[in-house]
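Proteins get letters first, then strands, A, B, ... in listed order; numbering begins at 1 in each.
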Amino acid sequence: MPELPEVETVANGVNARVRGRRITQVWTSGKPQTFKSPETEIAAALTGAKIESVRRVGKTIVMTVTRDRKPAEFLIHLGMTGRLLVCTPEMPVAAHTHAVLTLDDAREVRFVDPRRFGRLSIHHAGDEGRARGSTPTSQNRDVGHPVTSGERPRGYTGPGKEPLTISLNDFVALFRNRKTPIKAALLNQSLLHGVGNIYADEALFRAGIRPTRQAARLARDELKKLRAALVTVLKQAIKLGGSSVSDYVDADGVRGFFQLRHKVYQRTGEPCRDCGTPIKKITLAGRSTHFCPTCQK
DNA sequence: CGCGGGCCCTGTGAGC
DNA sequence: TGCTCACAGGGCCCGC
């Protein structure tokens with residue numbers, strides 16, 4: 001399931017392959033829940049547009065395009081099983097393909113998503129919802145903020161902080177007064193964005209912290225360890241091309257390798273790699289949660 | 001507002 | 001061997 005390292009891998013791969021190309025044609029599947037913006041609007045904004053860059057924000061892929069000198073952002077959220085693939089036209093179109101962007105060199109960017117938890121949307125400069133620091137209302141919560149150069153887009157990814165760059169003080173402040181278990185807090189995208197089930201479990205193991213601990217009760221020293229563990233595990237996963245647990249692949253359809261380094265995730269009953277105690281699985285915040293009862297206090 | 005729980009969606013694999 | 005069914009979970013919605 002694509003989390004920060006997987007989304008980063010895909011975004012970088014797509015960026016390297018299609019940056020600077022022009023989109024000549026757009027096809028969409030018509031499956032309503034895939035599209036947060038009307039398909040006609042997406043097609044109109046992208047057809048004839050030039051791809052300026054593709055990058056990751058939280059778990060969202062942000063494709064910045066310009067058309068008639070006007071910038072827009074095409075947002076791709078992979079959900080659980082979403083893939084963003086750069087293909088040549090002769091490659092067979094996979095089942096559950098929901099969008100195809102044809103490029104001026106005939107290659108195609110394809111969005112494939114069997115489970116349809118993924119979402120596509122388009123955002124134009126000048127879209128509303130810009131009020132700084134305001135909580136998005138139900139009317140504009142889906143509407144992203146236009147991005148001026150260097151500014152982090154807001155609105156569609158929530159106000160979450162980037163786990164790779166957040167300062168220790170800001171990190172500690174996130175969990176102050178949070179009665180929820182630390183694992184649930186890590187998954188909350190309005191606190192940190194990009195962390196999902198795999199890396200929450202893996203970081204908590206590496207920090208020696210039980211996922212059930214109340215966030216507010218963690219000592220500063222434990223949060224320091226947790227932040228360091230998160231950064232380490234995310235960076236290592238990016239280096240290895242992400243975790244391919246079920247069907248994650250990069251922009252070329254290639255699997256990642258970080259699943260081989262998992263210490264707890266989906267290792268229920270197997271011996272802890274550090275102490276040999278069988279890894280335990282519980283349900284927390286509605287998610288399967290794996291930990292070592294001995295190493296994690 | 002914070003938090004927990006239900007739901008969406010389909011491929012996979014365990015079990016009978 | 002073939003079928004059924006639980007399970008996987010990010011994000012959103014609802015209710016307390």
Side-chain angles (χ1 to χ4, degrees), chain A residues 1-8 10-11 29-37 56-61 75-84 94-99 111-121 129 133-144 154-160 163 173-202 204 211-217 234 242-249 255 259 262 264-269 279 281-290:
Chain A
M1 46 254 33
E3 303 178 27
L4 187 153
E6 292 77 29
V7 178
E8 174 109 4
V10 172
S29 67
K31 291 283 181 196
Q33 69 271 52
T34 298
F35 301 92
K36 287 213 292 187
S37 309
R56 174 194 66 79
V57 177
K59 293 179 194 168
T60 303
I61 297 170
L75 305 187
I76 302 120
H77 195 294
L78 300 176
M80 277 285 293
T81 54
R83 298 179 171 194
L84 195 66
H96 310 292
T97 296
H98 297 296
F111 175 69
V112 182
D113 185 18
R115 300 257 291 274
R116 280 187 270 151
F117 280 24
R119 294 292 180 264
L120 303 179
S121 61
S134 75
T135 306
T137 66
S138 56
Q139 267 186 321
N140 70 8
R141 92 167 74 238
D142 288 343
V143 178
R154 298 187 52 171
Y156 41 83
T157 48
L174 288 180
F175 304 106
R176 209 164 278 153
N177 301 325
R178 296 270 158 194
K179 300 221 192 304
T180 196
I182 183 62
K183 159 119 187 222
L186 287 175
L187 294 178
N188 184 342
Q189 303 295 298
S190 65
L191 298 179
L192 284 176
H193 58 193
V195 181
N197 209 36
I198 297 174
Y199 298 101
D201 281 5
E202 293 296 317
L204 285 165
T212 47
R213 294 272 305 281
Q214 207 179 85
R217 296 210 170 174
L234 292 171
S243 299
S244 290
V245 171
S246 51
D247 38 22
Y248 161 74
V249 292
R255 289 165 60 83
Q259 67 279 8
H262 289 178
V264 288
Y265 185 76
Q266 289 198 347
R267 296 195 61 247
T268 311
I279 298 302
K281 176 166 133 173
I282 59 172
T283 296
L284 204 160
R287 300 290 172 255
S288 64
T289 297
H290 315 75

Which nucleotide sits closest to the side chain of [X]: [options]?
X         : options                  : result
Gln33(A)  : dG11(C), dC12(C), dC9(B) : dC9(B)
Lys281(A) : dC3(B), dT10(B), dA8(C)  : dA8(C)
Leu187(A) : dG10(C), dG4(B), dA8(C)  : dG10(C)
Asn197(A) : dG10(C), dG4(B), dC9(B)  : dG10(C)
Tyr265(A) : dC3(B), dC12(C), dA8(C)  : dA8(C)
Lys36(A)  : dC12(C), dC3(B), dG11(C) : dC12(C)

Inter- and intrachain pairs under salt bridge (charged side-chain N to carboxylate O under 4.0 Å, His left out), touching residues 183-195 of chain A, at least two apart: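 Found Lys183(A)-Asp201(A).
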
In whole Å, I'd like the distance from the [atom1] atom of [X] to the [atom2] atom of [N].
X         : N       : atom1 : atom2 : result
Leu192(A) : dG10(C) : CG    : C1'   : 16 Å
Arg83(A)  : dT10(B) : CZ    : C1'   : 14 Å
Met80(A)  : dC12(C) : CE    : C1'   : 16 Å

Sugar-phosphate, base or nothing in reach of Thr81(A), heavy atoms under 4.0 Å: nothing

Touch class at under 4.0 angstrom, heavy-atom based, for Arg119(A) against every strand present: nothing

Angle of first-five versus last-five pair axes in the helix from dG2(B)-dC16(C) to dC16(B)-dG2(C), to 10 degrees: 50°

Any N/O pairs under 3.5 Å between the protein and nucleotides 11-13 of chain B? List them or say none.
from	atom 1	to	atom 2	distance (Å)
dG11(B)	OP1	His96(A)	NE2	2.7

Taking only N/O atoms, report every protein-nucleotides 14-16 of chain C pair under 3.5 Å with atom names and distance.
none

Close side-chain approach of [X] to [Y], heavy-atom, < 4.5 Å:
X         : Y         : answer
Leu120(A) : Lys36(A)  : no
Val245(A) : Gln266(A) : yes
Lys31(A)  : Arg116(A) : yes

Residues that His262(A) engages under ring-ring contact (aromatic ring centres under 6.0 Å, His included), provided they are two or more places apart: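 Partners of His262(A) under the ring-ring contact (aromatic ring centres under 6.0 Å, His included) test: Phe258(A), Tyr265(A).
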
dC7(C) phosphate, OP1 or OP2, under 4.0 Å from Ser288(A) side-chain N/O: no

Under the salt bridge (Lys or Arg N to Asp or Glu O under 4.0 Å) test, residues paired with Arg213(A) that sit two or more places apart: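 Once residues adjacent in sequence are excluded, the partners of Arg213(A) under the salt bridge (Lys or Arg N to Asp or Glu O under 4.0 Å) criterion are Glu222(A).
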
Check: Arg287(A) side chain, dG6(B) base, donor-acceptor under 3.5 Å: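 Check fails, no donor-acceptor contact within cut-off.
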
Polar side chain donor-acceptor pair, Tyr199(A) to Glu6(A), under 3.5 angstrom: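 Yes, side-chain donor-acceptor contact under 3.5 Å.
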
